[in-house]
Amino acid sequence: MRLWEKNSELMEKFQVESVIYREILNHIENIILGIVTSLSRDEAPVLALPNRSSWANVSFDSAIGLQMSSGGSVVTIRSDCASSVTKFAQIVKILSVIYRLVQSNTYATKRDIYYNHTQLFGSQRTVDSIVDDISCMLKVPRRSLHVLATSKGLISGDLSYMEEDGTRIDCRSSSAAVAVSSNIEGIRNIVSSAKFVLIVEKDATFQRLLDDDFCNKLSPCIIITGKGVPDVNSRLMVKKLWDALHVPVFALVDADPHGIEIMCIYKYGSVAMSFEAHSLTVPSVMWLGLLPSDLQRLRVPEDVLIPLSKRDESKLSSLLRRPYVSGQKDWQKEMELMQQAKVKAEIQSLAAIAPDFLTSIYLPNKLRYGGWV
């Protein structure tokens, strides 16, 4: 790219960001003005937040996933109600912090916000939830609020890229993984020869793949884990890789309702973050394993299978009712098979067949011969 083209691109990006930031400041000013106006009339100020926990507020689009419907129900936060006055104060405080950050073009982590006002917030989770509420209310990504989150995810494989500050990140070390960036939007100059991306549910499985040098043995690939339920940065990273590389994206999760739900979050999104579905979901994600049908096909020893708990059965029934499952007949069959067998299994259960079965036989065969749904 020529220098003038690069400068032009940067100028255009700066102008777009300036418009977004001005809109954010205007929106916050209007919220505060509404509060002041209510007080001047001797009325108790009220804040209305989109309801991020209701399925009634969400629609399903097979190309995007779960997305928040316009005109959905709201949650009212009153300043004159004992049960919500604390949350009202917490929201106003975080709005003021965001206003200063955007205005001064500086950044803070959610952790910074919590530790600067621990008594007000009480827990980190409170800050995390309110930042997402505000992001949803203002209809902008969290990054645009100048609030960052420390990533919990890890990534490794045939991948290198440039961070926004110019740091070159190389993920090709076979012995150590790289922490997922906390600024996915700023990543550029992605270089990779990967033939596929593998989402791994659990850190323990991810580390096993790393120890066995999986990315170099079969074919060039990228492995990523959100260490259980993925954080936003891990989901953004998978989406970024899909957009940049256009290679197959597979999921390796436990054959249990919890693992299936985690895979669905990557593929279809979640109700809580449905307002950001377009930047978080990868509808092309394929279920590589561990499939309930694999347990029978591979004759996994019964002593490593775990009976479904009442909670598991309830979660499985809930998953089968989700709007996206009816269009995924193969997934539906696998879940119904689990429901009938009334057992679940962790990926580690494959070690009962042979210690290196996962990396030497199971995954290579699946990837060579199309053993995914």
So [Y] and [X], do their side chains get closer than 4.5 Å, heavy atoms only?
X      : Y      : value
Ile260 : Cys264 : yes
Leu305 : Leu295 : yes
Lys93  : Phe121 : yes
Ile306 : Val343 : no
Leu367 : Leu288 : yes
Met338 : Met335 : no

Looking at [Y] and [X], is any side-chain nitrogen of the basic one under 4.0 Å from a carboxylate oxygen of the acidic one?
X      : Y      : answer
Glu29  : Arg22  : yes
Asp128 : Arg142 : no
Arg235 : Asp231 : no
Lys202 : Asp254 : yes
Arg143 : Glu164 : yes
Lys195 : Asp158 : no

List the residues meeting side-chain contact (heavy atoms from CB on, under 4.5 Å) with [X], not counting sequence neighbours, and say none if there are none.
X      : answer
Arg368 : Leu218, Pro364, Asn365
Ala179 : none
Val85  : none
Thr76  : Val46, Arg78

Should we say atom CZ of Arg168 is surrounded by more than 12 heavy atoms from elsewhere, each under 6.0 Å from it?
yes
Just to verify, what does Tyr99 make a ring pair (Phe, Tyr, Trp, His ring centres under 6.0 Å) with, not counting sequence neighbours?
none
How would you list, by chain and number, every residue that makes a ring pair (Phe, Tyr, Trp, His ring centres under 6.0 Å) with His146, sequence neighbours excluded?
Tyr21, Tyr107
As a quick check of understanding, evaluate side chain to side chain donor-acceptor pair (under 3.5 Å) for Gln207 and Asp203, giving each step before the final call.
CA-CA 6 Å; Gln207 295 299 335; Asp203 186 33; 3.2 Å; yes
Sequence neighbours excluded, which residues qualify as side chain to side chain donor-acceptor pair (under 3.5 Å) partners of [X]?
X      : answer
Glu276 : Ser279
Asp170 : Arg172
Asp165 : Thr167
Gln296 : none

Starting from Val140, can I reach Leu280 by hopping between I/L/V/M/F/W/Y residues whose side chains sit under 4.5 Å apart?
no
Parallel, tilted or perpendicular: which describes the rings of Phe196 and Phe214, with under 30° parallel and over 60° perpendicular?
perpendicular
Is it the case that [X] and [Y] place a side-chain donor and acceptor less than 3.5 Å from each other?
X      : Y      : result
Glu334 : Ser293 : yes
Asn51  : Ser53  : yes
Ser123 : Thr126 : yes

side-chain hydrogen bond (donor to acceptor under 3.5 Å, both in side chains) contacts touching residues 237-250 (sequence neighbours left out)
none
What side-chain hydrogen bond (donor to acceptor under 3.5 Å, both in side chains) pairs are there with at least one residue in residues 261-270, not counting sequence neighbours?
Glu261-Lys315, Glu261-Arg322, Tyr268-Gln328
Option from Leu95, Ile77, Asp133, Leu120 for which side chain to side chain contact (heavy atoms under 4.5 Å, CB included) with Gln90 holds
Leu120
Only one of Leu350, Leu358, Val253 forms a side chain to side chain contact (heavy atoms under 4.5 Å, CB included) with Leu290, so which one is it?
Leu350
